[in-house]
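Notes to accompany the following structure.
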Amino acid sequence: MKKTILIIGIAISIISCKEATKAESFKTAYIDTSELLKNYTEAKDIEAKFKSKSEEQGRQLDLEVARFKAEASNFERNAKANGQAWAQQKGAELQQRQQQLQYAEQEIVQKLQQESGVEMDSLVSNVKKFIKEYSKEKGYDYVYGTGEAASILYAKEKYDITDEVVKLLNKKYSSGEKLESKKETNAATKK
């Protein structure tokens, strides 16, 4: 009797192990998010756009800084000739102007960071939606992200679908198609 129960127990555990192994076989892949953003054309376009804006606004600020430096240079030459009272007054004006230039620079940087942050957040959100739909279509159970904020310490390269996703995203972007999930597209067509 004990042997029969033991044999039945072993048989059940072997069968359940086989079933557990079958149930645990998942289709997985990973995407190198750093590479994706580095190679995705829309992300490059956003980066170029804000680099151009930064350079343009930086040139304007550089002109103001050059004028300020010229005034400061004139101040140093004229300080002895015009007396201490004039030097103190003009020095205070120059100091105030220098602070204004520093504030203007900080304001430009913050404004550009905020604007680019909004666009990049939108891009990342749309890419996540795209990856979700893509993963469903391809039958993946899990798609992991690697890159600067890595959530995978190791994965076989055969599971890397980064290039495939980048190609599809770039194709969609170059065709002028917006990244939206199928649910949003279906909801828009129903209206």
Side-chain angles (χ1 to χ4, degrees), residues 30-132 134 143-154 160-181 184 188:
Y30 72 94
I31 296 173
D32 186 333
T33 54
S34 296
E35 284 296 310
L36 183 134
L37 289 176
K38 186 171 83 175
N39 295 317
Y40 181 28
T41 306
E42 186 177 3
K44 290 179 190 179
D45 288 350
I46 290 171
E47 185 179 328
K49 172 184 168 182
F50 284 99
K51 183 177 180 184
S52 174
K53 269 186 163 183
S54 175
E55 289 171 354
E56 179 184 319
Q57 292 182 358
R59 280 191 294 274
Q60 293 171 356
L61 189 63
D62 287 345
L63 290 173
E64 291 290 321
V65 169
R67 282 189 219 127
F68 171 76
K69 285 182 179 180
E71 281 184 43
S73 178
N74 286 335
F75 166 75
E76 289 175 8
R77 281 183 289 207
N78 295 327
K80 290 182 182 175
N82 292 327
Q84 188 176 5
W86 179 87
Q88 286 178 342
Q89 179 185 355
K90 190 67 174 174
E93 290 172 13
L94 286 173
Q95 194 172 24
Q96 184 179 11
R97 181 111 185 274
Q98 183 181 21
Q99 285 179 337
Q100 289 172 341
L101 288 172
Q102 288 172 341
Y103 291 141
E105 181 182 23
Q106 289 173 354
E107 188 177 316
I108 288 169
V109 169
Q110 287 175 346
K111 183 179 177 190
L112 288 173
Q113 284 176 341
Q114 185 178 26
E115 288 176 11
S116 70
V118 167
E119 284 197 37
M120 287 305 288
D121 287 348
S122 175
L123 175 116
V124 168
S125 175
N126 289 332
V127 167
K128 283 181 180 179
K129 289 175 188 174
F130 177 85
I131 291 171
K132 184 177 181 180
Y134 172 85
V143 175
Y144 302 98
T146 65
E148 290 178 25
S151 57
I152 294 178
L153 299 176
Y154 171 78
D160 185 358
I161 60 172
T162 306
D163 291 338
E164 188 176 346
V165 170
V166 168
K167 285 176 189 171
L168 290 170
L169 282 167
N170 284 335
K171 182 178 176 183
K172 208 168 202 161
Y173 177 67
S174 66
S175 71
E177 219 177 305
K178 278 190 164 184
L179 283 181
E180 341 178 53
S181 71
E184 291 173 3

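These values consider heavy atoms only, across backbone and side chains, with no hydrogens, waters or symmetry-generated copies. Computed from a prediction, not measured in an experiment: that's the story for all the values here.
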Check the pair T33 / T146 against side chain to side chain contact (heavy atoms under 4.5 Å, CB included), numbers first and verdict last. CA-CA 6 Å; T33 54; T146 65; 5.8 Å; no

Pair K132-K129, side chain to side chain contact (heavy atoms under 4.5 Å, CB included): steps then yes or no: CA-CA 5 Å; K132 184 177 181 180; K129 289 175 188 174; 5.6 Å; no

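Expressed to the nearest 0.5 Å, how far NZ of K44 lies from CG of N39 amounts to 5.5 Å. Within the model, atoms NZ of K128 and CG of L123 stand 11.0 Å from one another, a figure rounded to the nearest 0.5 Å. For the atom pair L36 CG and I31 CD1, the distance stands at 6.5 Å (nearest 0.5 Å). Remark: E35 CD to D160 CG distance equals 9.0 Å, nearest 0.5 Å. In this structure, the separation between CD1 on I108 and CD on E105 is 7.5 Å, given to the nearest 0.5 Å. How far CD of Q89 is from CG of N82: 10.5 Å, rounded to the nearest 0.5 Å.
Partner V166 forms a side chain to side chain contact (heavy atoms under 4.5 Å, CB included) with one of L169, T162, D163 and no other, that one being T162.
Proximity of L94 to Q98: side-chain heavy atoms (C-beta onward) are nowhere separated by under 4.5 Å. A heavy-atom distance below 4.5 Å is not found between the side chains of Y40 and V165.
Taking both residues in full, the closest heavy atoms of I161 and Y134 are given as CD1-CE2, 3.7 Å, listed atom of the first, atom of the second, then distance.
A 6.0 Å sphere centred on CD of E47 holds no more than 12 heavy atoms belonging to other residues, nucleotides or ligands. Within a 6.0 Å radius of CD in Q114, other residues, nucleotides and ligands contribute 12 heavy atoms or fewer.
S116 places a side-chain N or O within donor-acceptor distance of the main-chain N or O of L112, the cut-off being under 3.5 Å.
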Could you go through residues 48-66 and list every donor-acceptor pair under 3.5 Å that involves a side-chain atom there, pairing it with any protein atom two or more places apart or in another chain?
unit_1, atom_1, unit_2, atom_2, d
K49, NZ, E119, OE2, 2.6
K53, NZ, E115, OE1, 2.8
E64, OE1, R97, NH2, 3.4
E64, OE2, R67, NH1, 2.5

